[in-house]
Amino acid sequence: MRKTELIKLFVNGEEHSLAVPVQRTLLEALRYDLGLIGSKQGCDKGDCGACTVLARPRQGSGRGEPILSCITLAADAQDLAVTTIEGLAGPQGLDVVQRAFVDCGALQCGFCQPGMMLSARALLDNCPKPSLPQIKEALSGNLCRCTGYSQIYQAVQVAAGMRKPSARAPVQAERAAPSDSVAHPVKEIVP
Ligand code: FES
Ligand code: FES
């Protein structure tokens, strides 16, 4: 029988005590123990970025930097404060990054979006007015099989207040993903 261990995770502002199998990854703990299925299980080996979450030391400030939760052991994340896509929206509603992705039609199947948005959020937290090369570099670890990336890059520029969405983008966004699905992407988009 597989051994379990007791761990504590601090996720989206709440501490959770969990008994998890030894070697549980952070992604598995988020999805299967905490029910935070916005973090996607794609390649499960650090290649696609779908499992990206933000993390910082618990005593630190801000949301932190992107990490790949599929190659991070849950036990090793105990000293971190983790933000998942479920924790990105605030009391006022969607984060500006989430809103920009909708307004720019930067959503198709939605599988890459939680990780992509969190990487974009971390970029803008560190660099409020990034250049296009900086945006491409910051999102280079997040693969998207659907969009061709241009609407995603545009969305980051819109979120940064550097441009307006193109005129036809909101129609695409409406067809691709209602705004509520940005905050709860897996439940609504992934079977
Ligand atoms: S699931 Fe692909 S990098 Fe983690
Ligand atoms: S929208 Fe489908 S993988 Fe990016």
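Numbering of ligands and ligand atoms starts at 1, following listing order.
Note on Arg99 versus Asp103: salt bridge recorded, some NZ/NE/NH1/NH2 to OD/OE distance being below 4.0 Å.
For Leu27, no heavy-atom contact with ligand 1 is shorter than 4.0 Å.
For the atom pair CG of Leu139 and CE of Met116, the computed distance is 6.0 Å after rounding to the nearest 0.5 Å. Once rounded to the nearest 0.5 Å, the distance linking CD of Glu65 with CZ of Arg63 reads 11.5 Å.
Taking atom 4 (Fe) of ligand 1 as the corner point, the angle from Cys51 atom SG to Cys70 atom SG is about 100° (rounded to 10 degrees). With atom 4 (Fe) of ligand 2 as the vertex, SG of Cys144 and SG of Cys112 span 100° to the nearest 10°.
There is no side-chain donor-acceptor pair under 3.5 Å between Gln154 and Tyr149. The closest side-chain donor-acceptor pair between Gln41 and Asp44 falls under 3.5 angstrom.
For ligand 2, the atoms sitting less than 4.0 Å from at least one non-hydrogen atom of Gly110 are 1 (S), 2 (Fe), numbered in the order shown with element in parentheses. Below 4.0 Å from some heavy atom of Gln113 lie the following atoms of ligand 2, by number and element: 1 (S), 4 (Fe). Under a 4.0 Å criterion applied to the non-hydrogen atoms of Gly42, ligand 1 contributes the atoms 1 (S). Under a 4.0 Å criterion applied to the non-hydrogen atoms of Arg145, ligand 2 contributes the atoms 3 (S).
The distance from atom 4 (Fe) of ligand 2 to the nearest N/O/S atom of Cys146 is not under 2.8 Å. Among the backbone and side-chain atoms of Cys48, none of the N, O or S atoms lies under 2.8 Å from atom 4 (Fe) of ligand 1.
For the pair Cys112 and Leu143, the tightest heavy-atom approach, listed with the atom from each and the gap, is CB-O, 3.3 Å.
Panel note: side chain Asp95, backbone Ala89; no donor-acceptor pair is recorded below 3.5 Å.
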